[in-house]
Every structure is written in C-alpha cells, then in structure tokens.
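Input: a single structure, listed below in structure tokens.
Since the model is a prediction, treat every value here as computed from it, not as a measurement.
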Number of protein chains: 2
Amino acid sequence: MARRYDHTRDEIRQMAITAGTLLIETSGFAKFSARRVAKEIGYSVGTLYNVFENYDELILRINAQTLTEIIEKMQKVLLHAQSPQKMLAQVSDLYINFAIDHFNRWSCLYEYRSVHQKVLPDWYLIKVNQLFKIIESILMMGLCKKQENAEQSAKVIWASVHGICQLSLSGRIDIVGRAADKINMLVGNFVDHYTAGLAQNA
Amino acid sequence: MARRYDHTRDEIRQMAITAGTLLIETSGFAKFSARRVAKEIGYSVGTLYNVFENYDELILRINAQTLTEIIEKMQKVLLHAQSPQKMLAQVSDLYINFAIDHFNRWSCLYEYRSVHQKVLPDWYLIKVNQLFKIIESILMMGLCKKQENAEQSAKVIWASVHGICQLSLSGRIDIVGRAADKINMLVGNFVDHYTAGLAQNA
DNA sequence: TTTTTTAATTGAACACTGTTCAATTGTATG
DNA sequence: CATACAATTGAACAGTGTTCAATTAAAAAA
C-alpha cells in the first residue's frame with residue numbers, strides 16, 4: 001500500500017520511539033533492531049528509514065526520551081528547597097534508582113557509540129545540558145558563589161555520580177548486598193567529602 | 001590442512017590478541033570483527049573459535065591487555081613517593097592521557113557489553129582490582145587511616161576520574177580547547193576538593 | 001614403508017544485522 | 001476515468017557471530 005495516511009510522519013516517528021523504548025526496556029539493547037521496531041509498529045523497515053535518518057538517529061531519539069524522563073524527575077527535587085548537600089543527595093539517588101529500575105534503557109544511553117557521527121547532535125546535547133543545569137542551580141544555593149565555579153563543579157559532580165553508577169552496575173566495582181544501598185553509600189561518600197572540600201574553599 | 005603445528009594453541013591466542021589490539025587501535029571497534037582478526041593472523045574463523053570460547057572472550061582478552069598496560073604505567077608512579085594528592089593527580093593524568101592517546105582501545109574497555117555473560121569473568125575482575133589497589137595504597141599514605149575507608153574512597157576516586165574522562169571524551173561535557181588540559185582541570189577540581197574533604201574528616 | 005588413527009583446520013551454511021532503492025499501490029488531481 | 005504523485009514495501013547487498021561436517025597433515029601402528 002502507499003500513502004495510507006493512517007499516520008503522519010511525526011506520528012510514525014513517535015510510534016517508533018515509543019515501541020523502541022519498550023523493546024529496549026523489556027528485552028535489552030542486544031535484542032533491539034530496526035526490523036523489530038518496524039514489525040512492532042506495523043510498518044516495514046523502509047518506512048523507518050524514510051522517517052529516521054538512520055539507525056543512530058532512532059537510538060538517539062529513544063535515548064533523548066530517556067534523558068527527558070530522568071530530567072523531569074530531577075527537576076521536581078528543585079521545587080522544595082533544602083540544603084544543597086541534601087538536594088544533591090536526592091538528585092543522585094533519583095539517578096541511581098532510575099539506572100537500576102530501567103537498567104536496559106539507562107545502559108543504552110552510554111552503550112551505543114554512533115558509527116556515522118563522531119559528535120552528538122545539538123538537539124541531544126541540549127538535553128544533556130539541562131541535566132548539568134540542575135546541578136548548577138543547586139550549587140548556586142550556597143556551595144558556589146561564582147557561576148563559573150558552579151559550572152565546573154556541576155560537571156565534576158555529575159560525571160562522578162555517573163561514573164560510580166556505571167562502574168557499579170557494570171560489575172567493575174564489587175558490590176555486595178542490595179545494589180541501590182551500596183551505590184548510594186559510595187555516592188554519599190563522594191558528595192560528603194567533595195562538598196566539604198567545596199565549602200572549605202568558599 | 002590440519003595439525004600444522006606452526007603454532008601452539010597459546011601462540012595462536014596471543015597472535016589473535018595482538019592482531020586484535022592493533023586492529024582496534026588503528027581502525028576502532030566498529031571495524032573490528034572475528035573474520036578480520038582471523039585473516040590478519042592467517043587462520044580461519046573456525047580456528048579462532050577453537051581457541052577462544054566466543055567473540056566476547058576475544059574482546060575481553062584484548063581489554064585485559066589494555067588494562068595491564070594502564071596498570072603498569074600507573075604502578076611506576078608508586079616508585080617515587082610524594083604527597084598522596086600529587087600521586088593521585090599523576091595517576092589520573094596517566095589514565096586520561098592513555099584514554100586520549102589510545103582512544104579506540106580505551107573506548108573498547110567500556111563500549112562492549114557481553115551478550116552471553118552478564119558478569120565479568122574472574123580473571124578480568126582481578127585486573128580491574130589491581131587498579132583499585134593502586135589508589136588504595138596511595139590513600140593509605142596519609143589520607144586514610146583505616147583500610148576500609150581507603151577501599152571505599154579508592155572506588156569513589158577511580159569511578160569519578162573515569163566518569164569525568166568518559167563524559168568528556170564521549171562529547172557529553174563540552175570541552176573547549178585541548179582535551180587533555182580541560183579534562184585535567186576537571187579531575188584536578190575533583191581531586192582537590194575531594195581530598196580536602198577527606199583530610200578534614202581524618 | 002605403508003596403513004591407520006587422530007586431531008587441527010577449514011569454510012560453507014545459518015540466522016541475523018543496517019541500509020538501499022526499484023517496484024508497487026493507495027490517494028488526489030486534472 | 002486517466003494521470004500524476006508520493007507513501008510504502010521488501011527483496012537485495014554486504015556484512016556480522018557462530019557452528020560443524022568434511023578435509024588434511026602429522027603421529028602411531030602395522
């Protein structure tokens with residue numbers, strides 16, 4: 001068939017992203033493929049390639065949605081102000097628990113390295129930056145005075161929390177007991193000492 | 001042909017690891033394949049699968065050698081004692097520069113997620129732990145008194161340095177200027193504040 | 001020396017992958 | 001009703017990891 005007008009271009013895109021998200025969530029990235037997504041939404045592979053530039057874009061769009069979910073959760077923490085240290089702990093805790101609860105999707109954020117583009121597209125980097133901005137705004141609530149310091153520390157904090165999360169969940173840091181507890185302990189150790197150092201410097 | 005005895009099982013393994021390492025180093029993981037490695041060492045794919053359990057093992061063996069190289073470089077830092085802070089900075093600097101100079105091999109350490117085994121094999125984890133032990137021993141030179149504190153902080157420090165390195169080199173932290181300088185600045189920020197917090201606590 | 005046994009080595013075959021693009025087909029216009 | 005148009009298809013291509021019957025060179029036995 002052709003020009004079915006059952007769905008617009010954008011609708012098909014959204015259907016693919018939704019179906020792909022579900023596929024990764026349940027079966028993991030290893031079982032993910034363009035053909036599978038196509039079958040899931042009732043279109044052929046060809047249609048998928050009309051609507052997405054390539055495989056990379058499909059994955060990045062799925063990842064962008066995952067990021068959006070994480071960011072939305074984290075932004076809620078900003079609503080009721082507390083000490084910066086407590087807010088950092090809360091935000092980290094959210095990230096860790098998302099990574100555990102949606103392990104497959106979270107893995108996909110970092111697992112796939114594009115073959116075509118060496119650099120991440122702007123629309124994706126905007127999402128990433130939103131995450132850093134959240135940390136930045138928390139730091140400006142007392143831990144940092146200059147904006148440039150907050151920017152740098154936000155990068156350091158986020159990279160550290162992510163690093164602890166990644167090495168833990170990929171089994172490179174031996175964690176005995178409940179994963180969430182153990183990772184939280186390491187992140188707690190980091191936040192405590194790092195913010196203590198920050199406060200001392202300010 | 002059969003039973004050529006040109007090379008022993010172990011020799012073929014080593015040839016494959018060496019050839020695979022070179023292939024990843026020069027062309028990146030995307031262009032890497034079992035068939036390519038086989039052709040490179042003058043054997044068929046079948047032989048590769050006689051000598052390695054599967055594709056995963058081949059990659060992990062290559063990764064283990066990459067880790068060995070990194071560890072050997074880092075162990076040299078331990079030879080001339082200095083302040084723990086300076087030694088941590090040196091060790092981090094080594095890691096960052098290895099990641100930049102051998103980007104493809106370094107990426108491969110974290111890029112590939114095994115389809116077969118969920119858990120990394122013991123012989124690989126031993127290598128990973130050697131890295132943590134180096135940090136631990138540095139921490140025990142004054143920054144930590146109890147072994148258990150050193151163990152936990154070593155994990156935090158290593159995960160943080162790695163996280164900064166990964167997010168930077170994957171283009172998720174915008175780094176203007178020379179990559180090595182910018183990453184070093186972030187790692188410096190981390191080491192300074194974290195160790196200040198540690199020292200304060202001790 | 002010749003035959004038999006043994007095991008190292010091969011490569012075609014299988015089911016899959018991302019990607020392309022001529023052919024098809026449902027819709028809208030002249 | 002014929003024509004033009006574009007959305008949709010799926011076979012085709014070159015590649016992947018993996019398997020395993022068939023081949024073949026070396027060692028052992030006759």
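Panel note: side chain A:N63, backbone A:C108; a donor-acceptor pair is recorded below 3.5 Å. Remark: the backbone N or O of B:N189 is paired with a side-chain donor or acceptor of B:H193 at under 3.5 angstrom. Between the side chain of B:S153 and the backbone N or O of B:A150, no donor-acceptor pair lies under 3.5 Å.
Remark: P of C:dT20 and OH of A:Y55 are 15 Å apart, rounded to the nearest angstrom. Rounded to an integer number of Å, the gap from CG of B:D6 to C1' of D:dA26 is 12 Å. Whole-Å rounding puts the B:K39 NZ to C:dT10 P distance at 14 Å. The nearest whole Å value for the distance from the CG atom in A:L58 to the P atom in C:dT17 is 13 Å. Spacing between atom CZ of A:R13 and atom P of D:dT8 amounts to 14 Å, rounded to whole angstrom units. A straight line from CD of B:E11 to C1' of C:dA8 spans 14 Å, rounded to a whole angstrom. In this structure, B:I59 atom CD1 and D:dT16 atom C1' are separated by 12 Å, rounded to whole Å. Here the P atom of nucleotide C:dT20 and the CG atom of A:L48 are 13 Å apart, to the nearest Å.
Among the nucleotides C:dG18, D:dT18, D:dT8, the one closest to any side-chain atom of B:N54 is D:dT18. Residue A:Y43 places its side chain closer to D:dT8 than to any other of C:dG18, C:dT9, D:dT8. When distances are taken from the side chain of A:N50 to each of C:dT9, C:dG18, D:dT9, the shortest belongs to D:dT9. Closest to the side chain of B:Y49, from the set D:dT18, C:dT9, C:dT19, is D:dT18.
Judged by closest nucleotide on DNA chain C, B:R9 is the one of B:R9 and B:V45 placed further toward the 5' end. If A:G46 and A:R36 are placed on DNA chain C by their nearest nucleotide, the residue sitting closer to the 5' end is A:R36.
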Handout entry: Verdict with supporting geometry, B:Y194 and B:V156, side chain to side chain contact (heavy atoms under 4.5 Å, CB included)
Key = CA-CA 10 Å; B:Y194 184 80; B:V156 169; 3.7 Å; yes
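Residue A:R35 places a side-chain atom within donor-acceptor reach of the base of C:dT19, judged by atom type and a 3.5 Å distance cut-off alone.
When heavy atoms are screened at a 4.0 angstrom cut-off, B:T47 is found touching base atoms of the nucleic acid.
Taking side-chain N and O atoms only, B:H7 has no distance below 4.0 Å to OP1 or OP2 of C:dA8. For B:S44, no side-chain nitrogen or oxygen approaches OP1 or OP2 of C:dG11 to under 4.0 Å. Within the 4.0 Å cut-off from OP1 or OP2 of D:dG17, not a single side-chain nitrogen or oxygen of B:H116 is found.
Salt-bridge formation is detected for the pair A:R105/A:E69: a Lys NZ or Arg NE/NH1/NH2 atom is positioned less than 4.0 Å from an Asp or Glu carboxylate oxygen.
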